[in-house]
Structure formats: C-alpha cells, structure tokens
Number of protein chains: 2
Amino acid sequence: MNASATRAPAKPTGLDCRLAVLGSDVRLTPHRREVFDVLASSTDHPTAYDILDRVKSRSPHISLATVYNCLEHLTTAGLIKQVQLERGQSRYCANLHEHVHFHCETCGKVSDAHPAADFDPAKFWNLPKGTKVTRMDIAIHGTCEACTAKH
Amino acid sequence: MNASATRAPAKPTGLDCRLAVLGSDVRLTPHRREVFDVLASSTDHPTAYDILDRVKSRSPHISLATVYNCLEHLTTAGLIKQVQLERGQSRYCANLHEHVHFHCETCGKVSDAHPAADFDPAKFWNLPKGTKVTRMDIAIHGTCEACTAKH
DNA sequence: TTTTAGAATTAGAATGATTCTAATTGCATT
DNA sequence: AATGCAATTAGAATCATTCTAATTCTAAAA
Ligand SMILES: [Mn+2]
Ligand SMILES: [Mn+2]
Ligand SMILES: [Zn+2]
Ligand SMILES: [Zn+2]
C-alpha cells in the first residue's frame, strides 16, 4: 500500500501470474491469485483468517499480512468486495453482481440475495434532491431457512 | 455488563433519575440520562468520543468507560440504536423510526432518510421461503445535497 | 547473464476502538 | 447508621487491522 504509492505501477507484461482479469489493473501474483480463487469458490463470505486457513493448504508459508495485502489490492482493483456486517472482522465476497447480504443470527451464515430485475432501491427513500448515490450496503438479519425449519 | 448479569436488576423505585421511558426497564441514572439527551438532541450520529465531549460540558468527570456502559444499556433497552457504517468507530442514533442512513463520502455527514409509506423491502429480494427477517441495515453512500451543490 | 530497481512478502510492532478488571463510590432499603 | 447491590472509574487487556523495516522476487536493462 505504501510501496504502491511511490510511483506509477509498472505495467505487467509477464506471463501466467499477471493475468489481467475483468479489465482490472492488478498484478495477479501467485498469492493474489490464490486469495482470489479461494474467494471465487466460496459463497460463505470468509474473514481474513478464514482465507488465510484456506490458502495455507496450497501455500503453507503465506502470512496474515500478505492475505490482508492481497485483499486490499483485489478490493481496490474492484475484483472483490469487502463486507461489513457487524463490528469485528470484515468479510469478503467475490460476487460482483448487485446483491444484498442475508445474515442468519442463529447459525451465523451469510448468504447473497439478489434483487428483482426491476428493483430501483433509491426511489424508496426520500433523499433530498441533488443527492447522488454511489453505493448501497444492504444487510438483512434474521433466521435462515434451515434454522427456521429445525426449530 | 458483568455486574448486571449477576442478578435480576432491582426495580427502580426512586425519583427523577429513574424515569421509565417508552416502557423500557433501564434505570435512567443521571449519566445515562445525559447520554440519552445528548443523542436525542443530535441528528448527526455521533461516535462514543463525540458523545463523551458533549456530555462533558454537563458532567466534566464522566469517563469514556461510563459512556460506553451507558450506550450499551440504552441500546439493550432499545432506547437508542448502534449504527455501523464503516469499520472503525460505531455511531449512535436515537431515532427509533424505521429509517436508513445516508452517508456523504465527501463531507462525512450521516443523516436519516425515511422510506415511503408503502415500502416493503423484504419482497424485493428473493429470500428463500422460510427465511425470517428481524432487522435490516441499509446504508446509502454518495454525495449529499450541499456537497453536490458546491461542486 | 548479471545488474538493478521497484514491487511483493514477511514477522513482528504499533494502533485504535472497544471490552474487561478490579477497585471505589453512591443510593435505597433495612 | 449498616447493608448490599448497581454505577462509575482508571487503566489493562483484547481484537482486528495497519504499519514498519527488513528480505526476497521478478522483469526489464545493461
Ligand atoms: Mn456477497
Ligand atoms: Mn439514524
Ligand atoms: Zn441459520
Ligand atoms: Zn456532504
């Protein structure tokens, strides 16, 4: 983060570890690639520690600092999203479609829910004219299907 | 928090510092009352430190620990809400009506926005049948009226 | 092929917000 | 006045994250 600010980043020209994904400009080093892959194959919104554990099976020597670095680069590049549901650990999500988060207060699971096609959320709130909306964070808390069933 | 768990709380029987507000069961000690009053007369969603500063003008010796204690009791009693917009400091809000938070990314201000009367948010997301919703946290990020105007 | 300069990675220290601990103080009933 | 909790406090501890200061990589330059 400090280092990358010192100068314009050298344009990646190398091979397998420098895939330009989705038009983004991140250098996809092996670690960043692994962190991304872990996240892309997860639907449970893991924390940095969860990701560390999962990446360790492929790269046993990766450090927590590197996981945080990778997550920051991937987030800045727009390849993943940081999700803040409660105080404490952030969670991460590789689903880039517009969606909201459902958090089960019984089992703790976090899942994605997608809006109906015609959903235009901004019009439901009386925001003053002139307000510009860039992003919405919507978290729904409750009891999931499974937890409701086994009650 | 620890102390209050040891036993059923003695029912308040005293006078001015024990007002039962809105059917809640908190003892409204002078400090809790001041913290609540500061919040009730604020629309800017102050942090614990902001609240400490404001309460200090009336109670110069109040401690940060007490502010946190008061905020926790008031939150548990349902008299105020804790608001988590980004990582870092929590904010607090005494508006108990259903509302969402607008956060201006330019000036940092946080304000309330109220939904249209016919707004039924849950139906817009395809939550699995059987899901029970208890609460929604909706944060809208963007540029406020004033900041948009002065650009 | 060696050099070199910037970027990536690392362990551990530092930070910041909150929570916990262990007194001490205050109040309401006895 | 004595008793017994609950409230309050300062400071320590905790937890997630960010920063620091090396060290290692890598890709282009020489
Ligand atoms: Mn998600
Ligand atoms: Mn509010
Ligand atoms: Zn569940
Ligand atoms: Zn603004």
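Chain A is the first sequence line, chain B the second, and so forth, proteins listed ahead of strands; every chain is numbered from 1.
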*Specify the separation, in whole Å, of atom CG of D50(A) and atom P of dA16(D).*
11 Å
*Take atom CD of Q89(A) and atom C1' of dT18(C), then tell me their distance rounded to the nearest Å.*
15 Å
_Contact list please: residues 58-68 of chain A against DNA chain C, heavy atoms, distance less than 4.0 Å, in numerical order._
H61(A), I62(A), S63(A), A65(A), T66(A)
*asked:* If you compare every side-chain N and O of R87(A) against the phosphate oxygens of dA17(C) (OP1, OP2), does one of them come in below 4.0 Å?
replied: no
*Reckon S90(B) has a side-chain N or O less than 4.0 Å from the OP1 or OP2 of dA17(C)?*
no
*Look at the side chain of H73(A) and decide which nucleotide, out of dA7(D), dA8(C), dT8(D), has an atom nearest to it.*
dA8(C)
*When you measure from the side chain of T134(B) to the backbone N and O of H141(A), does any donor-acceptor pair fall under 3.5 Å?*
yes
_Atom-pair distance (CZ on R27(A); P on dA7(C)), nearest Å_ = 7 Å
*Which salt bridge (Lys or Arg N to Asp or Glu O under 4.0 Å) pairs, counting each pair once, include a residue from residues 42-52 of chain B, with sequence neighbours left out?*
D44(B)-R54(B)
*Protein-nucleotide distance (Y49(A), atom OH; dT18(D), atom P), rounded to Å*: 12 Å
*Distance, rounded to the nearest Å, where Q82(A) contributes CD and dT17(D) contributes P*: 8 Å
*Rounding to a whole Å, what distance do you find between L52(B):CG and dT18(C):P?*
12 Å
*Going by heavy atoms in the side chains, are Y92(A) and V83(A) under 4.5 Å from each other?*
no
_Using whole Å, what does the distance between atom P of nucleotide dT9(D) and atom CG of N69(B) come to?_
9 Å
_Which is more 5' along DNA chain D, the nucleotide nearest R32(B) or the one nearest Q84(A)? Just name the residue._
R32(B)
*How many Å lie between CG on L71(B) and P on dT8(D), as a whole number?*
12 Å
*Can you find a side-chain donor-acceptor pair between E105(A) and T143(A) that sits under 3.5 Å?*
no
*Kindly assign one of parallel, tilted or perpendicular to the pair H114(B) and H97(B), based on the angle between their ring planes and the thresholds 30° and 60°.*
perpendicular
*Any side-chain heavy atom of L85(A) sitting closer than 4.5 Å to one from V110(A)?*
yes
*Partners of H101(A) by ring pair (Phe, Tyr, Trp, His ring centres under 6.0 Å), sequence neighbours excluded?*
H45(A), H99(A)
*asked:* Just N and O in the side chain of T29(B): are any of them under 4.0 Å from OP1 or OP2 of dT8(D)?
replied: yes
